[in-house]
**Q** 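Quick one: this structure, given as structure tokens, is what I'll be asking you about.
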Number of protein chains: 4
Amino acid sequence: MKPKDDKKLASIERATYALVQESGLMPLTLAAIARAAGIATSTLYIYYPSKEALLDALYERAKSATFERLTRGAGTELAPKLRIRQIWLNMLNNRLDHPAEMVFQEQYVSSRFMSESNRELGKRFVREFDEVLEAGRRDHILKAVALPFLGACILGSVRETARLVAAGILPDDESTRTTGFQLCWDALKA
Amino acid sequence: MKPKDDKKLASIERATYALVQESGLMPLTLAAIARAAGIATSTLYIYYPSKEALLDALYERAKSATFERLTRGAGTELAPKLRIRQIWLNMLNNRLDHPAEMVFQEQYVSSRFMSESNRELGKRFVREFDEVLEAGRRDHILKAVALPFLGACILGSVRETARLVAAGILPDDESTRTTGFQLCWDALKA
Amino acid sequence: MKPKDDKKLASIERATYALVQESGLMPLTLAAIARAAGIATSTLYIYYPSKEALLDALYERAKSATFERLTRGAGTELAPKLRIRQIWLNMLNNRLDHPAEMVFQEQYVSSRFMSESNRELGKRFVREFDEVLEAGRRDHILKAVALPFLGACILGSVRETARLVAAGILPDDESTRTTGFQLCWDALKA
Amino acid sequence: MKPKDDKKLASIERATYALVQESGLMPLTLAAIARAAGIATSTLYIYYPSKEALLDALYERAKSATFERLTRGAGTELAPKLRIRQIWLNMLNNRLDHPAEMVFQEQYVSSRFMSESNRELGKRFVREFDEVLEAGRRDHILKAVALPFLGACILGSVRETARLVAAGILPDDESTRTTGFQLCWDALKA
DNA sequence: CATGAATGAGATTTCATTCAT
DNA sequence: AATGAATGAAATCTCATTCAT
């Protein structure tokens with residue numbers, strides 16, 4: 001049961017994300033996915049053995065892609081503030097560029113206890129993230145508080161800023177990014 | 001003539017919140033709700049004409065209750081910082097005291113276009129909230145940035161802090177509240 | 001379980017006939033009957049032990065009332081043609097004056113093998129009717145054909161004439177009755 | 001790719017007619033139809049989107065088939081009396097050959113306001129029928145009375161004769177047809 | 001591979017009937 | 001007697017999954 005057609009896989013993926021973003025997981029049916037993907041329902045079973053497997057697989061893919069996007073261009077060669085700023089921007093752009101994928105992930109996590117590998121992946125990002133924060137704290141650039149407080153600030157700031165941009169309340173431009181990060185940084189900095 | 005039982009309504013409410021918190025909306029069935037509430041499935045139809053109506057009603061109730069809790073004890077008699085602090089605490093406590101209700105709300109919003117009254121209620125809180133921020137900004141206590149940035153900071157901070165407390169990563173005590181709000185305030189203050 | 005309130009009985013009767021005339025037996029529910037009769041559903045059980053019993057009882061009453069109306073003023077003192085004419089008119093007026101009751105009867109017979117007493121009552125009318133026809137045939141006033149042919153003519157003529165009057169295609173007046181019966185009589189007469 | 005099975009459609013049709021003839025519309029369930037048709041209940045939903053749609057579709061089909069049977073072999077090349085006789089026979093045979101279909105139609109009409117196309121079809125037959133009668137009346141072969149009176153005679157005669165044959169009271173033979181039509185003709189003829 | 005038909009398990013909904021007041 | 005609430009059984013309908021082509 002090795003999938004052959006990558007175009008079909010991609011359209012299944014896109015269809016599912018879009019449907020979940022539109023109306024959530026509650027009314028998500030295989031028939032709807034297949035229809036939106038332009039294939040027959042039974043064809044889904046050539047690519048995935050069950051609905052659960054399909055959603056799990058999409059979730060893993062989304063998580064991996066997200067992880068890759070979040071860490072891009074934020075290597076150790078950058079100064080702490082710049083690194084954090086880069087991650088902040090990555091997180092924001094990720095949310096703005098892939099809203100359906102994000103909604104899918106958030107809806108799905110709360111409805112499934114994560115598979116082991118997913119949990120692992122999540123932890124891996126948190127670990128890398130924490131290392132950055134840890135370094136900044138050690139150098140007295142960031143506040144001397146428990147790491148989770150710092151992480152929470154960043155996540156919260158990104159999430160809400162993204163929500164406002166997506167809702168059209170804030171413009172999707174440089175100034176929003178500058179101001180948004182400025183506030184966040186004031187919360188973090190020592 | 002037996003009166004429509006308020007205890008039953010409450011247990012339906014509780015059962016639904018709990019089930020959604022446990023596994024989300026996807027596998028939520030009327031049978032499960034009825035079972036958890038200790039009544040027959042058909043009895044649900046005495047209280048609500050359909051599954052959709054039931055969820056809608058619960059959502060409206062949750063939203064109202066939340067609104068009431070958020071604005072409690074944060075009147076205009078307080079100084080801006082204290083008022084904001086009170087709202088911040090209200091928001092945090094609300095999330096920690098009624099996790100199931102919160103999960104239900106968040107899961108449900110994305111799966112339904114909100115009813116007019118809900119939208120109205122949401123706007124009403126935002127308006128009140130914005131007035132507080134507006135006042136603080138006018139007095140040069142808060143940063144001179146667009147209001148949404150300030151609101152976003154508070155919401156984001158509360159949400160993530162609550163998540164960490166609920167997950168057991170941060171303790172549910174005074175120090176968490178003090179530190180959490182401190183970071184938030186540093187982001188906001190002029 | 002002796003019914004007390006005749007007004008309630010009557011309103012149950014009326015409600016049921018009306019509902020059946022409006023949309024047939026298929027969607028007829030006790031709740032609908034009770035609502036239309038202005039009482040509670042459970043109150044129906046004070047008057048009838050079950051839905052089936054209720055319908056059976058109404059059917060019997062309708063049949064009796066119909067029987068009484070059909071034979072009224074058509075005694076043996078009349079000449080055969082006048083007697084037949086009277087019965088023809090009775091049948092027509094019965095259909096026009098009690099359409100709901102008629103519809104109920106016709107819908108109901110085909111959905112129930114009749115109870116013994118109902119069958120008996122039906123037969124009683126047919127017997128009396130046949131006697132009239134038999135007499136006319138013996139006197140060479142009616143055609144010398146099997147009685148059912150004669151009965152069929154009368155019934156068919158009445159039923160279709162009534163339908164046309166009810167539909168507004170023919171006027172509900174003396175001329176319709178005269179012409180309608182004239183055709184029928186031409187079919188019957190020797 | 002399996003084609004939608006015409007045999008299945010036919011057996012659904014047959015099963016429904018038979019069940020309705022047996023006990024009417026009141027206790028007609030999809031489960032019973034499916035059982036009688038030898039398929040799963042859910043399979044019905046492949047062919048019709050709802051119970052109502054199923055019954056509507058069957059009704060339309062029955063009506064069309066009936067129309068076709070009634071007008072067969074009664075073209076304008078026949079003399080008026082023969083044409084009317086042919087239609088009379090068609091009507092009778094139709095009732096005797098397809099009793100279940102007829103019962104279904106009659107039960108169903110009263111429980112549904114007819115769809116536009118059905119109403120149209122009904123009118124089409126009436127129009128054709130009326131033309132025949134009109135012609136006969138113009139030639140002084142039929143009585144000089146309003147057309148509906150003539151139509152009513154024929155319909156009534158057929159309906160009641162068929163009922164008696166179906167009930168075994170009259171034999172299903174040539175003599176019944178001859179006598180039955182004779183009476184009817186005497187009613188119509190000038 | 002791909003598909004539309006078919007299905008069984010289960011979800012929602014209805015409803016005659018019973019219960020408690 | 002009368003009622004509204006409650007319910008179990010059953011009806012309608014849905015949907016993930018399998019089958020046959």
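To find a chain, count down the sequence lines: A is the first, B the second, and so on, and within it residues start at 1. Atoms considered below: every heavy atom in the structure, side chains included; atoms not considered: hydrogens, waters and symmetry mates.
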**Q** Applying the Watson-Crick and G-U wobble criteria at under 3.5 Å, what pairs with E:dT13? Answer none if nothing qualifies.
**A** F:dA10

**Q** Identify which nucleotide among F:dT14, F:dA9, F:dA6 has an atom closest to any side-chain atom of D:Ser42, counting heavy atoms from C-beta outward.
**A** F:dT14

**Q** When you look at B:Asp56 and B:Tyr108, which way does the side-chain hydrogen bond (donor to acceptor under 3.5 Å, both in side chains) test go after all the steps?
**A** CA-CA 9 Å; B:Asp56 274 346; B:Tyr108 195 62; 2.6 Å; yes

**Q** Find the distance B:Glu52:CD to E:dT13:C1' and express it as a whole number of Å.
**A**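 Atom CD in B:Glu52 sits about 14 Å away from atom C1' in E:dT13.
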
**Q** Side chain of A:Thr43 only, please: which of E:dA2, E:dT17, E:dA5 is the nearest?
**A** E:dA2

**Q** Taking only the side-chain heavy atoms of B:Ala40 (C-beta and beyond), determine which of E:dA6, E:dA11, F:dG8 contains the nearest atom.
**A** F:dG8

**Q** May I have the distance from D:Leu55 (atom CG) to F:dT12 (atom C1'), rounded to whole angstrom?
**A** 12 Å

**Q** First locate atom CD of D:Gln21, then atom CD of D:Glu106, and finally report the distance between them rounded to the nearest 0.5 Å.
**A**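 D:Gln21 atom CD to D:Glu106 atom CD measures 11.5 Å (nearest 0.5 Å).
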
**Q** Select from B:Thr41 and D:Leu44 the residue whose nearest nucleotide in DNA chain E is closer to the 5' end of that strand.
**A**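 Nearest-nucleotide comparison on DNA chain E picks D:Leu44.
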
**Q** Classify C:Ser50 by what it touches in the nucleic acid, base, sugar-phosphate, or nothing, heavy-atom distance under 4.0 Å.
**A**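 Sugar-phosphate contact only.
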
**Q** Taking the nucleotide of DNA chain F with the nearest heavy atom to each, does C:Ile39 or A:Lys51 sit closer to the 5' end?
**A** C:Ile39

**Q** Paired with E:dT21 by Watson-Crick or G-U wobble geometry, both distances under 3.5 Å: which nucleotide is it?
**A** F:dA2

**Q** Strictly below 4.0 Å, N to O, side chains only: are B:Lys8 and B:Glu13 in salt-bridge contact?
**A**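 Here B:Lys8 does not pair with B:Glu13 in a salt bridge, since their nearest N and O are not under 4.0 Å apart.
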
**Q** Among the nucleotides E:dT7, F:dT12, F:dT17, which one has an atom lying closest to any side-chain atom of D:Tyr45?
**A** F:dT12

**Q** Under a 4.0 Å N-O cut-off, is there an ion pair linking A:Arg69 with A:Glu101?
**A**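 The answer is yes: the pair qualifies as a salt bridge.
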
**Q** Report the distance from atom CD of A:Gln105 to atom CG of A:Leu58, rounding to the nearest 0.5 Å.
**A** 10.5 Å

**Q** To the nearest angstrom, how far is C:Leu28 atom CG from F:dA11 atom P?
**A**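 About 17 Å, once rounded to whole Å.
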
**Q** Side chain of B:Leu30, heavy atoms from C-beta onward: which of E:dC19, E:dG4, E:dT13 has the nearest atom to it?
**A** E:dT13

**Q** How many Å lie between CD1 on D:Ile33 and C1' on F:dC13, as a whole number?
**A**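 Those two atoms, CD1 and C1', are 14 Å apart.
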
**Q** Check whether any side-chain nitrogen or oxygen of D:Lys8 sits under 4.0 Å from OP1 or OP2 of E:dA6, and answer yes or no.
**A** yes

**Q** Under 4.0 Å between a side-chain N or O of C:Tyr47 and OP1 or OP2 of F:dA2?
**A**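 It does, given that an N or O in the side chain of C:Tyr47 lies less than 4.0 Å from OP1 or OP2 of F:dA2.
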
**Q** Using whole Å, report how far CG of D:Leu25 lies from P of F:dT12.
**A**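 It works out to 12 Å between those atoms.
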
**Q** For C:Arg35 and E:dC15, what is the distance between atoms CZ and C1' respectively, to the nearest whole Å?
**A** 12 Å

**Q** By the 4.0 Å heavy-atom rule, please label A:Thr29 as base, sugar-phosphate, or nothing.
**A** sugar-phosphate

**Q** Using whole Å, report how far OH of A:Tyr48 lies from P of F:dT17.
**A**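 Taking OH of A:Tyr48 and P of F:dT17, I get 14 Å after rounding.
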
**Q** Could you tell me whether B:Leu54 contacts a base, only the sugar-phosphate backbone, or nothing, with contacts defined as non-hydrogen atoms closer than 4.0 Å?
**A** nothing

**Q** Tell me the interatomic distance from A:Leu19, atom CG, to F:dC15, atom P, rounded to whole angstroms.
**A**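 Going from A:Leu19 (CG) to F:dC15 (P), I get 13 Å.
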
**Q** Base, sugar-phosphate or nothing for B:Ile46? Non-hydrogen atoms, less than 4.0 Å.
**A** base

**Q** Once you round to the nearest 0.5 Å, how far does CE of C:Met26 lie from CG of C:Leu28?
**A**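 Result: 11.5 Å between the selected atoms.
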
